[in-house]
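Numbering of residues begins at 1 and proceeds along the displayed sequence.
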Amino acid sequence: MNERQVRVTLLVWRPRDPDRPGDLSAGWPHVLQVRTGTGFWRVPSVLLRSGEPVLDAAQRAAYALGLTVPNAHRVLAVDQRPATGRAPEELTIITDGGWVTGDDVPAADGTCCACPHPCQHQRRWAGTDAVADDIGLASALGAAVAAIPAFIVNREAGLSNRGHVPNASQDTS
């Protein structure tokens with residue numbers, strides 16, 4: 001039997017215009033990314049524990065960042081990736097972390113984050129070019145902005161993971 005890993009990702013985004021969060025005329029929103037040490041920047045996520053409800057895992061990811069999951073608990077996208085090499089099959093459940101203004105989630109300029117409790121990660125607001133190569137995240141961002149869930153399930157092993165966020169070339173970040 002193949003090993004499977006289930007990851008719950010918390011998508012937190014910052015609109016270009018907080019007064020009109022769904023308006024994309026100024027470009028696509030920024031996405032919160034974190035990293036530990038000198039690791040890769042990625043959207044915050046946790047591995048789902050055995051028997052743990054998905055939204056509890058999303059709340060655990062939010063707590064690690066000092067955030068609160070919005071009242072409208074939503075799964076934005078589901079992305080299934082086949083096992084490759086030594087990596088197990090991965091099912092990623094992308095949940096709605098909500099949209100915030102820049103003041104709600106300050107980026108960390110130093111080696112620590114701005115969380116209210118001790119942590120070892122850094123934060124940054126990334127432009128959509130940082131998620132455009134991941135079709136699951138790009139679809140989830142579109143679903144978050146449009147308030148419509150998207151599901152990506154059972155991707156063929158030979159297909160590329162490259163996705164495209166419409167109008168991403170207009171992103172000036």
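- By the 6.0 Å contact criterion, CZ on Arg7 is enclosed, its count of non-hydrogen atoms from other residues, nucleotides or ligands being greater than 12.
- In this structure a side-chain-to-backbone donor-acceptor pair under 3.5 Å is missing from Thr95 to Val75.
- The heavy-atom pair separating Val34 from Pro44 by the smallest distance is CG2-CA, 4.0 Å.
- A distance-only check finds no donor-acceptor pair linking the side chain of Arg35 to the backbone of Arg124 [under 3.5 Å].
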Next on the checklist: Pair Leu67, Leu32 - check side chain to side chain contact (heavy atoms under 4.5 Å, CB included), show working.
Outcome noted: CA-CA 12 Å; Leu67 302 175; Leu32 182 67; 4.2 Å; yes
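- Between atom CD of residue Gln5 and atom CD of residue Glu90 there is a gap of 5.0 Å, rounded to the nearest 0.5 Å.
- Interatomic distance, Leu65 CG to Leu10 CG, rounded to the nearest 0.5 Å: 7.0 Å.
- What you find for Trp13 and Asp96 is that their closest heavy atoms are NE1-OD1, 4.5 Å.
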Checklist entry - Val31 and Leu137: side chain to side chain contact (heavy atoms under 4.5 Å, CB included), yes or no, with the steps? => result CA-CA 10 Å; Val31 174; Leu137 284 173; over 6 Å; no
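- Nearest heavy atoms, Ala144 versus Leu11: CB-CD2, 4.4 Å.
- With sequence neighbours left out, the side chain to side chain contact (heavy atoms under 4.5 Å, CB included) criterion links Pro53 to Asp56.
- Counting only heavy atoms from C-beta outward, the side chains of Pro29 and Leu24 approach each other to under 4.5 Å.
- Ion pairing between Asp134 and Arg81 holds under the 4.0 Å rule for side-chain N and carboxylate O.
- Applying the side chain to side chain contact (heavy atoms under 4.5 Å, CB included) criterion to Ala57, with sequence neighbours excluded, gives Val8, Val46, Leu48, Glu52, Arg60.
- Heavy-atom minimum distance, Trp41 versus Gln33: CB-OE1, 3.5 Å.
- Heavy-atom minimum distance, Pro15 versus Pro21: CB-CA, 3.6 Å.
- Leu55 and Ile93 fall into different hydrophobic clusters, where Ile, Leu, Val, Met, Phe, Trp and Tyr residues are linked whenever their side-chain heavy atoms come under 4.5 Å apart, directly or through other members.
- Minimum interatomic distance between Arg20 and Ser25 (heavy atoms only, all atoms of both residues): NH2-OG, 4.3 Å.
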